[in-house]
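Scroll down for the structure; my scribbles are underneath it.
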Amino acid sequence: MLPLQALQKYFGYSAFRHQQEAIIQHVLNKQDVMALMPTGGGKSLCYQLPAVLLNGLTIVISPLIALMKDQVDSLNVSGIPAAFLNSAQNPDEQRRLVEQLRNNQIKLLYLAPERLFGGDNKMITFLKTLPVVQIAIDEAHCISSWGHDFRPEYLMLAQLKNEFPNVPVIALTATADKLTQKDILEKLNLHKPAVFVSSFNRANITYRVIPKKNSFKQLIAFLNERPDESGIIYCLSRKSTEELAADLKDEGFAAEAYHAGLSNEVKVKNQEAFLRDDVKIIVATIAFGMGINKSNVRYVVHIDLPKNIEGYYQETGRAGRDGLPSEALLLYSPGDAGKLQHFARIEGNEAQSRIMLNKLNDMVKYCQLQACRRQYLMNYFDEAFPPNCGSCDFCLTEFKRFDGTLIAQKALSAVARLNERFGVNYVIDFLRGSKTEKIRDEHKVLKTYGIGVDISKTDWQRYIRELITMDYLHITDDGYPIVKLTHKSAAVLKGLQKVEFIESEVVEETHTHEQAPPHESELLSRLKSVRNDIARLENVPAYIIVSDATLLEMATFLPLSLDELRLISGFGDIKLARYGRELLQPVKDYCKEKGLQSKIAYKSPKRERKAKTQKAERTPKTRKANDTRTETFTMYRQGKGITEIAAARGLSPMTIEGHLSHFIESGEIDILEIVSQEKIPVIKDAVESYGREMLSPLKQILGDDYSYGEIKAVISWMNKNEII
Ligand code: ADP
Ligand code: ZN
C-alpha cells in the first residue's frame, strides 16, 4: 500500500501536512530522521504511518503515561493495534501483552525510557527477540539539559543505536529553540540523520496582549464570550491558581486548579475531567501542559507575565492542536515585570542571572511591541517572517499614525544633553521641566529642560517606549536601567530620518475574534453530544473518537450517507465502520427537519480546513471594518494607487492591500485590475504547491518580480473561486 492510501484508510486524511511525506519516506528507507514540527503539526503520524505499513514492531519512547495512554487510545479507536507498558499493569496483563507481542499482534508499543534500560536490560533483551522495524523518540527535547523538560532517563537513549543498529530511529520534538535542537542531535547518537524543520508558526492561533487593569473582570469578559469552549489559564503562583479557580466557580464557570503542589490524586482527577470536557477551564501553573494532547483547547490565557518567550510560546501552543482558530491572550502589567526581575536574580550566579534577565527583557519587549507579534515570535526563533500576519492584535488593528519627528528629536536631544546617564523617569521629568528637587540644578539651566512641557507624562512614557521599540533609544540591562542613544539616533537628530508615532493607544480592531465558518451550529452541538455518548461508552476522551475539526466539517457539508461521510477529514475505514452510522443519524435528522440537502459536493477533496480559508470566509462583525474598506475602495475607484491611498489615509500599504483583497474576493474588483494575466497562473501554481498560510515562502519562491500585494490578490481570487 502507498503511504497516501494508508493515510486515507487508517487516518481518514486525504493529504499530508508539512513534510510528513518526506519524513515517512525516509523512515521507510530505513534512514534516521529528526523531525522538528510545531505542536499540532502532526508529528505522531510520521511514525504511526510507517508503523502501519512496515511488517513488524514499532517502539515508541514517550516521557509520560498520560501521553502514551492518549496515543494508544487514539490508535486503537482507528483500528491500529497499539499498547503501552506501564508499572500499574498487573502481572497477568503484562503476560498477555508479552504474548501478543510474540504473536506479532501489536504494531506500536509505547514505553518510558526507564522501562527500556531498567532491570539489567531485560526489556532490551526481550525486544531484540521481536521484529523491531522502527524506533520513535517522542518529545526528544527531554534529552537536552538546555530544554525545559529535561529527563535524565532520556540520556540512556544514546545506547539505542548500538542495541538496534539496523533499525531506523525517528526523533520528534516541537522545540523551536536552536540550542536545544543542536543538543538533541549531539546526544541521540543518530546515524547520518536527515533533519526536517517545519515552520514553527501556528497560523491558527491569534496572539493578543492587553494592559492588565482589573484582571478578574477582564478575564470574565473574555470567558463570557466563549462559554462553551475549553481553555487553560496560566498563573504565576500555586496559590493564585486555587484562588482564581474558586472565584471562577463562584461565577458559574466549570473551572479547576492544577499545580505541582496538589496531591497526585487531585491532579489526575482534574486533568481527566478537563480531557473529558467535564471541566472547561484549567487554572494552572506552568506545571500543567506537558502531556496534554487535548486537541480542542480553544484559548490559553496568561494572567501573569511569563518568564521567557520559550515558555510562553510552548504554553500558547497548547491551544488549537486540531487546527481550528484559537486564541492566546496575555494580560500585561509593568509591575509583573518588576516582580519577575526580582526572581530572575540568582544569588551568586551572575552569568545565569544575566541570561534570565535578558530573556525576561525579550518577553517584556514582546508585550510592549508596536508591531506584528507573530513576526517577533518567529524572529525570536530565528525564522524569517513578513511583518503583517493578519492575525495578531497589532495586525488586526488599524492605527492612525502621525509625524512625530519633532517629539522624537526632543526626546533624543534630552537623552544626549543628560549624557546618556539617566533613567526614563528622569528624562521625562527633565523634558517636562519638573520643578522637583530630583532634577539637578545644572540640568535646570540646559536649553532642553522643559521643552516637552506640552506633552503629558503618560504620553511621554508611550513615545519613549515606541522609540525604544523602533531602536532609536536603548535601555541598558544592568542593575540600573539607563536610557542611551543608538546608532540610529543621529539621523533623527540631524533631521535626516522621519519618525512616526501611533496616534493613541485606544484603537479600533478591524475584526472581532475569529469566527467559525458558516456551519449549522445547532447540528454541531447535537453531534458533540452524540460524540460524548460514544466516548463515554468507549471510556476515552471525546476528541479521541473524532476531533472538533471533523465535527465542524460535518456540520458544514452535511454528509448524508457513509460514502459522503468518508469524504470528511478524519474518517478512516475503521472509524467509519464503528461510528459512522451513529454520527450520521443526527445529520440526517437535522437535514430532514430543516429541509436541507447535502453540501458535500462543495468540499474540495484535497484540502483540509485551514484557519486562513476560514478567515477569508468570515463576515466582518463591526461596521467600522466595513466603513474603512469602503473608503479605500472608493479611493481606488477614483483611480488612486495603493501607495497614494495608504499615504492619504495614514495606513500602511499592507492594510490597503488587505482592504482591496476583500473586494477581489467579493468579486467587486477584477483580479486583472491588480495582477497581470501572465502572472496569475504562476502565482496560483506556487500557492497550490506551498499552501496559502504564509506569504513569505511564496514570495521567496516567486522572487522580486512578484509583490506581496499580487500574491495576496491571487489568493483572494482563488478563495472567491473555491467554495470552502
Ligand atoms: P503533534 O504531535 O505534532 O503536536 P499530532 O500528531 O497530535 O501533533 O497531530 C495534531 C492533529 O492533526 C491530530 O488530530 C492529527 O490527527 C491531525 N493530523 C495529523 N496529520 C494530518 C494530516 N495529514 N491531515 C489532517 N490532519 C492531520
Ligand atoms: Zn501580526
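Ligands are counted one by one from 1 in listed order, and the atoms in each one are counted from 1 as well.
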### Query
Any donor-acceptor pair under 3.5 Å linking the side chain of D32 with the backbone of V169?
yes
### Task
Consider every N or O of S569 and every N or O of ligand 1, then say whether any pair is closer than 3.5 Å.
no
### Side-chain donor-acceptor pair present, R321, Y543, cut-off under 3.5 Å
no
### Distance-only donor-acceptor check, side chains Y380 and Y366, under 3.5 Å
no
#### Entry: Of T550, D277, D548, the residue whose pairing with R531 passes side-chain hydrogen bond (donor to acceptor under 3.5 Å, both in side chains)
D548
### Query
Hey, are Y13 and Q20 close enough side-chain-wise for a donor-acceptor pair under 3.5 Å?
no
### Query
Under a heavy-atom criterion of less than 4.0 Å, does P38 contact ligand 1?
yes
### Message
For the 3.5 Å polar cut-off, considering only N or O atoms, please tell me whether G40 and ligand 1 meet it.
### Response
yes
### Task
Answer side chain, backbone, both or neither: which part of M37 comes under 4.0 Å from ligand 1, heavy atoms only.
neither
### Task
Test salt bridge (Lys or Arg N to Asp or Glu O under 4.0 Å) on K43 and D138 and set out the steps.
CA-CA 9 Å; K43 283 184 288 298; D138 206 3; over 6 Å; no
### Message
For ligand 1, which is the ligand I care about here, please tell me if G42 has any N or O atom under 3.5 Å from one of the ligand's N or O atoms.
### Response
yes
### Query
Heavy atom under 4.0 Å from ligand 1: found in A15's side chain, backbone, both, or neither?
backbone
### Message
Is T39 close enough to touch ligand 1? Criterion: a residue heavy atom under 4.0 Å from a ligand atom.
### Response
yes
#### Entry: F16, portion touching ligand 1 at heavy-atom distance under 4.0 Å
backbone
### Query
Hey, what's the angle at the Zn ion (ligand 2) spanning SG (C395) and SG (C389), nearest 10 degrees?
120°
### Task
Decide whether the shortest distance between a heavy atom of S547 and an atom of ligand 1 is less than 4.0 Å.
no
### Message
Does the structure place the NZ or CZ of R374 under 6.0 Å from the centre of the six-membered ring of Y207, at an angle of no more than 45° from the ring's axis?
### Response
no
